[in-house]
Amino acid sequence: MPELPEVETIARGVNARVRGDRIVHAWFANHQRLFKSHAVRQAKGLEGRVLVSVHRTGKHIVCELASAPKGRHSSKAELQPDAQWIVHLGMTGRLLVTTPDAPVAPHTHARLELESGKELRFVDPRRFGKLDFRDLKGGEAFNAAGAEPLMIAQEEFAALFRGRKLAIKAALLNQSLLSGIGNIYADESLFHAGIRPRRGAGRLTRAELERLRLALQSVLEQAIRLGGSSVSDYVDAEGMRGFFQLEHCVYLRTGQPCRHCGTPIQRITLAGRGTHFCPKCQR
DNA sequence: CATTTCACCTGGTGGC
DNA sequence: TGCCACCAGGTGAAAT
């Protein structure tokens with residue numbers, strides 16, 4: 001489900017609600033594939049630690065955790081993190097902050113009870129999500145493989161695609177090149193840059209690459225401002241839908257008129273994914 | 001190595 | 001109403 005703007009929206013929402021709170025109990029469902037490190041180890045690591053901050057890296061939500069003696073509430077947010085809980089939402093994952101009496105949704109696979117009484121819940125019908133715990137003593141902090149699309153500079157961006165034979169859309173989806181772009185924002189940014197998804201990544205001109213970089217950044221930034229795209233079931237940490245789906249120009253608009261020229265939007269399959277573009281505006 | 005395909009899951013939709 | 005085929009925002013392992 002969630003790509004960079006949705007994950008950013010969720011991370012900000014969770015951070016605002018749980019920052020400084022302590023995890024008093026962690027419960028995990030018995031679905032082994034969800035856990036990159038063993039569920040028992042994750043629960044042990046989480047219980048007693050304070051959530052110092054929650055932020056996004058690529059499509060991952062990173063919760064910074066610190067061990068802290070009980071009863072000192074004044075400066076919890078400034079504690080030095082010594083562990084991380086990393087949540088990947090897969091296609092259908094949700095990370096929600098709820099009251100303890102809120103009904104437990106079907107497919108709830110994790111519940112963290114917090115000292116304040118709130119709960120942090122992970123819900124994921126298709127179970128493509130992943131939960132990981134890292135102890136920073138002895139282990140490495142989490143790092144996304146690819147570059148951040150919102151931060152990358154012109155030269156570095158162009159270098160990512162040099163010499164590559166795969167289609168530009170496939171390259172945009174490759175998380176070890178850029179992290180955070182998924183099917184919606186790949187299609188939308190290629191539309192705004194006027195580039196056909198099947199074009200070879202290594203054959204784009206410098207001008208096209210720079211148009212693409214700027215299109216990606218403006219599309220992602222606008223989507224974050226609108227709280228992400230709610231195509232079917234995406235909601236933020238409070239269960240609220242986003243609004244960027246109303247701004248989509250091509251994604252899931254097969255056969256509908258292009259917003260710029262009126263030509264019907266085409267759908268093809270590329271890299272195994274539904275791919276949408278305007279045959280007139282994109283060359 | 002680079003690139004492509006497919007399995008992993010459940011649920012929603014639309015045709016018959 | 002039921003059954004079925006097909007579709008879905010992601011990733012990583014296996015095949016090419």
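For the numbers below, each heavy atom of this structure counts, side chains included, while hydrogens, waters and symmetry mates do not.
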Item checked: Base of C:dA8 paired with side chain of A:Arg126 (donor-acceptor, under 3.5 Å) ->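 Answer yes: a donor N or O sits under 3.5 Å from an acceptor.
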Next item on the list: Determine whether more than 12 heavy atoms belonging to other residues, nucleotides or ligands lie under 6.0 Å from atom CG of A:Asp101.
Entry: yes
Notebook entry, point to check: How about A:Arg33: does its CZ atom have over 12 heavy atoms from other parts shown lying under 6.0 Å from it?
Noted result: no
Next item on the list: For the pair A:Thr9 and A:Asp236, evaluate side-chain hydrogen bond (donor to acceptor under 3.5 Å, both in side chains) and give the outcome as yes or no after the intermediate values.
Entry: CA-CA 6 Å; A:Thr9 302; A:Asp236 69 12; over 6 Å; no
Next item on the list: Please report the shortest heavy-atom distance between A:Ser179 and A:Ala144, naming the atom on each side.
Entry: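 Scanning both residues completely, I find the closest heavy atoms to be OG-CB, 3.7 Å.
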How many whole angstroms separate atom [atom1] of [X] from atom [atom2] of [N]?
X        : N      : atom1 : atom2 : value
A:Leu173 : C:dT11 : CG    : C1'   : 11 Å
A:Met91  : B:dG12 : CE    : P     : 15 Å
A:Asp124 : B:dC8  : CG    : P     : 17 Å
A:Asn183 : C:dA8  : CG    : P     : 8 Å
A:Arg127 : C:dT11 : CZ    : P     : 19 Å
A:Arg273 : B:dA7  : CZ    : P     : 16 Å
A:Lys165 : B:dC1  : NZ    : P     : 18 Å

If you look at every strand shown and take non-hydrogen atoms under 4.0 Å, does [X] touch a base, only sugar-phosphate, or nothing?
X        : result
A:Gly182 : sugar-phosphate
A:Lys130 : nothing
A:Tyr251 : sugar-phosphate

Check: Given a cutoff of under 4.5 Å between side-chain heavy atoms of I, L, V, M, F, W and Y, with clusters grown through shared members, what are the other residues clustered with A:Ile268?
Finding: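 Answer for A:Ile268: A:Leu270, A:Phe277.
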Notebook entry, point to check: Under the salt bridge (charged side-chain N to carboxylate O under 4.0 Å, His left out) criterion, do A:Arg206 and A:Glu155 qualify, and how do the steps go?
Noted result: CA-CA 9 Å; A:Arg206 291 190 76 74; A:Glu155 283 309 312; 2.6 Å; yes
Notebook entry, point to check: What interatomic distance, in whole Å, is found between P of B:dC9 and the corresponding atom of C:dA14?
Noted result: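 About 15 Å, rounded to a whole number of Å.
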Note to self: Just to be sure I understand: a Watson-Crick pair is purine N1 to pyrimidine N3 plus N6-O4 or O6-N4, both under 3.5 Å. Using that and G-U wobbles, which stems of three or more pairs involve DNA chain B?
What the structure shows: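 As far as DNA chain B goes, consecutive pairing (with distances under 3.5 Å) yields the stems B:2-8 with C:10-16, B:10-16 with C:2-8.
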